[in-house]
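In what follows, a single structure is set out as C-alpha coordinates and then discussed.
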Amino acid sequence: FHWGMGSFQSMKLFPVNPHATEALRDIQSAVDHLFSRPQDCGQSKLASLRAVENFIAAYVTNKGGRADAHQDLEKLLKDARGRGLPELDQDNLEALHCGPDILSGKASVNVPDAVEAHHASLELCGIISSTP
(Lines give C-alpha, C1' and ligand atoms only; values in the text may rest on other atoms or scores of the structure.)
Protein backbone atom coordinates (compact mmCIF):
# COMPACT_ATOMS: atom_id res chain seq x y z
CA PHE A 1 0.00 0.00 0.00
CA HIS A 2 2.77 2.42 0.98
CA TRP A 3 4.66 1.84 -2.28
CA GLY A 4 1.53 2.30 -4.41
CA MET A 5 0.54 5.42 -2.51
CA GLY A 6 3.96 6.98 -3.14
CA SER A 7 3.65 6.36 -6.87
CA PHE A 8 0.12 7.69 -6.95
CA GLN A 9 1.15 10.83 -5.06
CA SER A 10 3.92 11.50 -7.62
CA MET A 11 1.38 11.12 -10.41
CA LYS A 12 -1.02 13.55 -8.74
CA LEU A 13 1.78 16.13 -8.38
CA PHE A 14 2.74 15.91 -12.07
CA PRO A 15 1.93 19.15 -13.94
CA VAL A 16 -1.61 19.19 -15.30
CA ASN A 17 -1.55 17.88 -18.83
CA PRO A 18 -4.27 16.15 -20.91
CA HIS A 19 -2.13 13.00 -21.20
CA ALA A 20 -1.48 12.88 -17.45
CA THR A 21 -5.18 13.33 -16.74
CA GLU A 22 -5.99 10.48 -19.10
CA ALA A 23 -3.30 8.30 -17.49
CA LEU A 24 -4.93 8.73 -14.08
CA ARG A 25 -8.25 7.69 -15.62
CA ASP A 26 -6.52 4.65 -17.13
CA ILE A 27 -5.15 3.65 -13.71
CA GLN A 28 -8.67 3.82 -12.28
CA SER A 29 -10.06 1.93 -15.25
CA ALA A 30 -7.57 -0.90 -14.71
CA VAL A 31 -8.86 -1.33 -11.18
CA ASP A 32 -12.50 -0.98 -12.21
CA HIS A 33 -12.13 -3.76 -14.79
CA LEU A 34 -10.68 -6.07 -12.14
CA PHE A 35 -13.58 -5.47 -9.77
CA SER A 36 -16.39 -5.36 -12.31
CA ARG A 37 -18.80 -8.22 -12.84
CA PRO A 38 -18.13 -9.85 -15.13
CA GLN A 39 -14.44 -9.27 -14.53
CA ASP A 40 -12.43 -8.17 -17.58
CA CYS A 41 -8.75 -8.86 -16.96
CA GLY A 42 -7.80 -8.19 -20.58
CA GLN A 43 -9.23 -4.68 -20.50
CA SER A 44 -7.58 -4.12 -17.11
CA LYS A 45 -4.18 -5.02 -18.54
CA LEU A 46 -4.80 -2.82 -21.59
CA ALA A 47 -5.75 0.11 -19.33
CA SER A 48 -2.50 -0.38 -17.40
CA LEU A 49 -0.53 -0.22 -20.65
CA ARG A 50 -2.40 2.90 -21.73
CA ALA A 51 -1.66 4.58 -18.40
CA VAL A 52 2.07 4.18 -19.02
CA GLU A 53 1.77 5.31 -22.64
CA ASN A 54 -0.14 8.39 -21.51
CA PHE A 55 2.37 9.26 -18.79
CA ILE A 56 5.25 8.93 -21.25
CA ALA A 57 3.36 11.20 -23.66
CA ALA A 58 2.75 13.65 -20.81
CA TYR A 59 6.47 13.63 -19.99
CA VAL A 60 7.40 14.29 -23.63
CA THR A 61 4.93 17.16 -24.00
CA ASN A 62 6.06 18.72 -20.71
CA LYS A 63 9.60 18.65 -22.09
CA GLY A 64 8.50 20.58 -25.19
CA GLY A 65 7.85 17.69 -27.53
CA ARG A 66 4.75 16.44 -29.25
CA ALA A 67 3.49 12.99 -28.48
CA ASP A 68 0.49 10.86 -29.19
CA ALA A 69 -0.16 8.33 -26.45
CA HIS A 70 -1.48 5.89 -29.05
CA GLN A 71 1.77 5.66 -30.98
CA ASP A 72 4.20 2.78 -30.61
CA LEU A 73 5.49 2.41 -27.04
CA GLU A 74 9.09 2.03 -28.20
CA LYS A 75 8.86 5.25 -30.20
CA LEU A 76 7.42 7.06 -27.18
CA LEU A 77 10.18 5.69 -24.95
CA LYS A 78 12.91 6.69 -27.39
CA ASP A 79 11.60 10.26 -27.55
CA ALA A 80 11.25 10.42 -23.76
CA ARG A 81 14.77 9.04 -23.19
CA GLY A 82 16.10 11.73 -25.49
CA ARG A 83 14.45 14.27 -23.21
CA GLY A 84 15.93 12.89 -19.98
CA LEU A 85 13.73 9.97 -18.94
CA PRO A 86 15.90 7.21 -17.44
CA GLU A 87 15.74 3.63 -18.71
CA LEU A 88 12.64 1.91 -17.36
CA ASP A 89 12.60 -1.58 -15.91
CA GLN A 90 12.28 -4.06 -18.76
CA ASP A 91 10.39 -6.60 -16.64
CA ASN A 92 7.72 -4.00 -15.91
CA LEU A 93 7.47 -3.08 -19.58
CA GLU A 94 7.13 -6.75 -20.51
CA ALA A 95 4.38 -7.21 -17.91
CA LEU A 96 2.39 -4.55 -19.79
CA HIS A 97 2.76 -6.13 -23.22
CA CYS A 98 -0.60 -6.62 -24.91
CA GLY A 99 -1.00 -8.47 -28.16
CA PRO A 100 -3.64 -7.61 -30.76
CA ASP A 101 -5.96 -10.28 -29.32
CA ILE A 102 -6.61 -8.13 -26.26
CA LEU A 103 -8.24 -5.42 -28.38
CA SER A 104 -10.54 -7.98 -29.96
CA GLY A 105 -11.39 -9.53 -26.60
CA LYS A 106 -10.03 -12.91 -27.71
CA ALA A 107 -6.99 -12.94 -25.44
CA SER A 108 -7.17 -14.86 -22.21
CA VAL A 109 -5.68 -12.76 -19.42
CA ASN A 110 -5.89 -14.05 -15.86
CA VAL A 111 -6.12 -12.08 -12.63
CA PRO A 112 -2.43 -12.46 -11.65
CA ASP A 113 -1.33 -11.14 -15.07
CA ALA A 114 -3.71 -8.18 -14.87
CA VAL A 115 -2.61 -7.37 -11.31
CA GLU A 116 1.06 -7.66 -12.33
CA ALA A 117 0.41 -5.21 -15.18
CA HIS A 118 -1.37 -2.84 -12.80
CA HIS A 119 1.54 -2.93 -10.34
CA ALA A 120 3.99 -2.39 -13.21
CA SER A 121 2.00 0.63 -14.39
CA LEU A 122 1.96 2.13 -10.90
CA GLU A 123 5.72 1.75 -10.56
CA LEU A 124 6.50 3.07 -14.05
CA CYS A 125 4.07 5.99 -13.86
CA GLY A 126 5.51 6.90 -10.47
CA ILE A 127 9.03 6.95 -11.92
CA ILE A 128 8.00 8.88 -15.02
CA SER A 129 6.01 11.46 -13.08
CA SER A 130 8.80 12.08 -10.58
CA THR A 131 11.58 12.47 -13.16
CA PRO A 132 12.60 16.13 -13.52
Side-chain angles (χ1 to χ4, degrees):
F1 176 80
H2 185 270
W3 161 81
M5 213 42 194
S7 288
F8 193 69
Q9 187 64 26
S10 292
M11 289 181 261
K12 295 289 279 185
L13 293 173
F14 193 81
V16 176
N17 170 310
H19 293 297
T21 301
E22 188 63 28
L24 290 169
R25 282 191 208 116
D26 292 329
I27 296 269
Q28 183 62 53
S29 180
V31 173
D32 291 345
H33 285 299
L34 282 171
F35 285 98
S36 67
R37 294 292 175 246
Q39 196 172 46
D40 195 337
C41 295
Q43 288 302 307
S44 175
K45 186 172 181 178
L46 184 59
S48 294
L49 169 64
R50 288 189 174 149
V52 173
E53 290 171 340
N54 270 305
F55 250 108
I56 295 169
Y59 180 87
V60 168
T61 57
N62 277 356
K63 294 293 185 177
R66 291 178 49 105
D68 177 5
H70 302 293
Q71 67 190 39
D72 178 71
L73 180 60
E74 284 304 315
K75 185 177 177 183
L76 274 170
L77 282 169
K78 183 178 179 183
D79 190 4
R81 284 185 205 115
R83 296 172 189 280
L85 186 70
E87 289 290 327
L88 299 176
D89 182 83
Q90 194 61 38
D91 289 338
N92 281 335
L93 292 170
E94 287 175 19
L96 293 168
H97 177 74
C98 293
D101 287 348
I102 285 186
L103 290 174
S104 67
K106 295 178 182 174
S108 177
V109 177
N110 60 29
V111 172
D113 288 343
V115 170
E116 179 184 22
H118 177 61
H119 289 172
S121 72
L122 286 175
E123 183 170 334
L124 293 172
C125 289
I127 291 167
I128 295 162
S129 62
S130 63
T131 300

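Values below: every heavy atom of this structure, side chains too, minus hydrogens, waters and symmetry copies.
Contact annotation: the side chain of L49 never approaches that of S121 to less than 4.5 Å [non-hydrogen atoms, C-beta and beyond]. By the 4.5 Å heavy-atom criterion applied to side chains, H119 and N92 are not counted as neighbours. L77 has its side chain within reach of R81: a pair of non-hydrogen atoms, C-beta onward, lies under 4.5 Å apart. Side-chain atoms of C41 and D113, non-hydrogen and from C-beta on, never get closer than 4.5 Å to each other. Contact annotation: the side chain of L124 approaches that of L96 to within less than 4.5 Å [non-hydrogen atoms, C-beta and beyond].
Here CZ of R83 is found 9.5 Å from OG1 of T61. Values are rounded to the nearest 0.5 Å. The CD atom of E53 sits 8.0 Å away from atom CG of L46, with the distance rounded to the nearest 0.5 Å. Atom CG of D72 is separated from atom NZ of K78 by 11.0 Å, given to the nearest 0.5 angstrom. Interatomic distance, E74 CD to D79 CG, rounded to the nearest 0.5 Å: 12.5 Å. The distance from the CD atom of E22 to the CG atom of N17 is 11.0 Å, given to the nearest 0.5 Å. Expressed to the nearest 0.5 Å, how far OG1 of T131 lies from NZ of K63 amounts to 8.5 Å.
The closest donor-acceptor contact from the side chain of N54 to the backbone of R50 lies under 3.5 Å. A distance-only check finds a donor-acceptor pair linking the side chain of Y59 to the backbone of L85 [under 3.5 Å]. Judged by distance alone, the side chain of K45 and the main-chain N or O of D40 form no donor-acceptor pair under 3.5 Å. Here the side chain of H19 pairs no donor or acceptor atom with the backbone of V60 at under 3.5 angstrom. The backbone N or O of G126 lies less than 3.5 Å from a partner atom in the side chain of S130, making a donor-acceptor pair.
If you chain together hydrophobic residues whose side chains sit under 4.5 Å apart, L122 and V109 fall into the same group. Transitive grouping of hydrophobic side chains (ILVMFWY, heavy atoms separated by less than 4.5 Å) keeps M11 and V16 in distinct clusters. Under the 4.5 Å side-chain heavy-atom criterion for grouping Ile, Leu, Val, Met, Phe, Trp and Tyr, V31 is not connected to V52 through any hydrophobic cluster.
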Begin from the C-alpha positions of L24 and K12 and carry the test side chain to side chain contact (heavy atoms under 4.5 Å, CB included) through to its verdict.
CA-CA 8 Å; L24 290 169; K12 295 289 279 185; 4.1 Å; yes

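Taking each heavy atom of S129 and F55 in turn, the nearest pair found is CB-CE2, 3.6 Å.
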